[in-house]
Amino acid sequence: MTTPTTTTDNLFDVLERRGMVAQSTDDKIRERLSKPVTAYIGFDPTADALHVGSLVQMMLLAHVQRCGHKPVVLVGGATGLVGDPSGKTEARRMLTPETINHNARSIAEQIGLVVRFGDGPTDAVLVNNLDWFGSMGWIEMLREVGAKMSVNRMMSMESVKGRMSGDSDAASGISYLEFSYMLMQGYDFAHLYKHHGCTLQMGGQDQWGNIVVGIDLGRRLHNADLAGLTTPLVTKSDGGKFGKSEQGNVWLDKDRTSVFDFYQFWRNVSDADVGRFLGTFTFLPMDEVDELAGAEGKAINESKVRLAYEVTKLIHGESAADEARDSAERAFVSSSSSSSADFTGEAIPHDTLDAAELEAGVGLLALLVRAGLAKSNSEARRLVQGGGVRIHDAKVDDPMRTVNADDVADGYILVRAGKKRMFRFNVG
RNA sequence: GGGUGGUUGCCGGAGUGGCCAAACGGGGCAGACUGUAAAUCUGCUGGCUUAUGCCUACGUUGGUUCGAAUCCAACACUGCCCA
């Protein structure tokens with residue numbers, strides 16, 4: 001990793017400078033953070049992998065650690081069994097405890113990429129709220145928590161209001177189960193305060209309401225003085241959804257999103273987003289970030305390369321990042337002088353193609369589907385007819401074409417869909 | 001429990017017996033232009049080895065009809081109002 005922020009830096013200043021603060025509970029938060037605190041963020045175990053959307057929270061935890069505080073990773077095993085109403089228009093599908101356990105482990109592993117776990121004073125610890133909710137009975141819950149919560153208060157929260165209001169837009173009702181979600185999440189904070197000395201909860205802007213409930217509950221139950229801090233929702237300047245690429249979600253796991261695609265995701269961000277993303281998703285010093293973000297015109301591409309490289313390095317390691325960068329370089333920058341292009345890197349999605357099979361000839365459409373560049377033959381056909389497919393550098397426009405040994409060059413066949421997507425078949 | 005709406009493709013949303021694989025918008029993909037950007041313009045956007053063809057699809061099941069997303073019945077789910 002790059003030079004760590006020195007532990008004397010105030011976490012709040014660091015985060016604010018990096019554009020990672022949307023809202024915080026009080027202006028005394030700097031003061032609070034002048035002494036080491038324990039801070040937590042909750043993660044939903046709804047999938048066994050995290051995508052780039054969660055990267056913000058991961059970075060947040062990393063900064064917590066770097067500034068000398070103790071990060072706590074809360075996996076919502078119990079809350080995951082309930083479903084978060086925030087920002088969803090419909091109830092989340094429920095999961096089995098086994099699945100959640102499995103997911104929790106995978107998630108912690110990925111958070112471990114940027115945060116150090118262990119027993120030291122600033123080492124991160126992992127907790128699962130199923131550990132305290134699992135054994136808690138209905139009566140206890142009502143007396144402990146229910147008695148302290150105002151329904152009026154909960155009803156006035158944005159996430160609930162949207163689901164309740166009659167005539168208007170996305171009213172789809174809210175079940176009691178979901179309604180209780182914020183209660184559980186609020187209780188988490190109180191519990192973590194009591195058992196881990198946790199006084200700060202962080203999260204995305206959409207979690208603000210839940211965080212505030214937790215602060216309230218902490219005060220009522222334990223007379224605790226708690227604080228909250230949220231990060232801005234990561235948006236793209238063009239209004240699109242952050243974290244989606246041509247292939248769907250961008251995952252941190254290389255088996256779900258290849259290193260090459262991961263790199264490309266960052267390489268392809270809009271000009272206007274470069275600075276913000278550098279601040280949020282890398283540990284580069286802000287002076288350098290500002291300089292990179294200030295690049296004008298074509299020069300901004302260098303900054304994008306840097307962004308893509310740094311983030312890829314963080315998640316997939318240096319050698320993978322080097323390779324992704326080099327592959328991309330060769331694939332895009334020097335594509336005019338095609339003969340020199342080299343697409344053999346591991347980073348580019350690839351598979352092997354049987355030589356014997358090739359001898360018989362493989363349908364182009366089938367090959368596109370096999371490469372995952374099209375979901376069906378029809379889609380592949382449209383792609384070809386639309387002029388979006390190339391084999392190596394030659395455009396092919398006949399959907400009926402078959403691919404055979406003549407198409408092999410340097411031991412592989414490179415199929416490209418559009419400018420940016422490609423798939424290599426190694427022949428062997 | 002009573003009343004009353006709704007359920008259409010990835011999403012939103014038209015369509016109230018044939019001209020419906022289903023308007024329009026969004027999103028997505030591709031092409032042109034570019035800087036692997038944005039904006040703009042153009043094409044495509046259920047599946048089938050491409051077909052004046054077939055299949056699957058308008059909540060589910062059954063019915064009426066030469067013909068149903070459209071009509072009828074039951075069921076399911078869901079919104080709202082009243083208790």
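Note that the coordinates shown come from a computational prediction; the quantities given were computed from them, not determined experimentally. In what follows, chains carry the letters A, B, and so on, assigned in the order in which the sequence lines appear, proteins first and then strands, with residues in each chain numbered from 1.
- Between A/Arg306 and A/Glu310 there is a salt bridge, since at least one side-chain N of the basic residue sits less than 4.0 Å from a carboxylate O of the acidic one.
- Evaluation of atom-type donor-acceptor distances gives a pair under 3.5 Å for the side chain of A/Gln264 against the base of B/rU36.
- Put simply, A/Ser376 has a side-chain N or O that comes within less than 4.0 Å of OP1 or OP2 on B/rG47.
- Between the base of B/rG47 and the side chain of A/Asn377 there is no donor-acceptor pair shorter than 3.5 Å.
- Look at the C1' atom in both B/rC77 and B/rG67: the space between them is 30 Å, to the nearest Å.
- Applying the 4.0 Å criterion to OP1 and OP2 of B/rA30, one finds that A/Arg421 has a side-chain N or O inside that range.
- The same atom, P, is picked in B/rC80 and in B/rG13; the two are 16 Å apart, to the nearest Å.
- For A/Phe262 and A/Trp251, the ring centers are positioned 6.0 Å apart or more.
- In the set B/rG35, B/rU34, B/rG46, the nucleotide with an atom closest to the side chain of A/Lys419 is B/rU34.
- Across all strands shown, B/rU49 forms no Watson-Crick or G-U wobble pair with both distances under 3.5 Å.
- Here B/rC77 sits opposite B/rG6 as a Watson-Crick or G-U wobble pair (both hydrogen-bonding atom distances under 3.5 Å).
- Between the A/Asn268 side chain and the A/Gln264 main chain, a donor and an acceptor come within less than 3.5 Å of each other.
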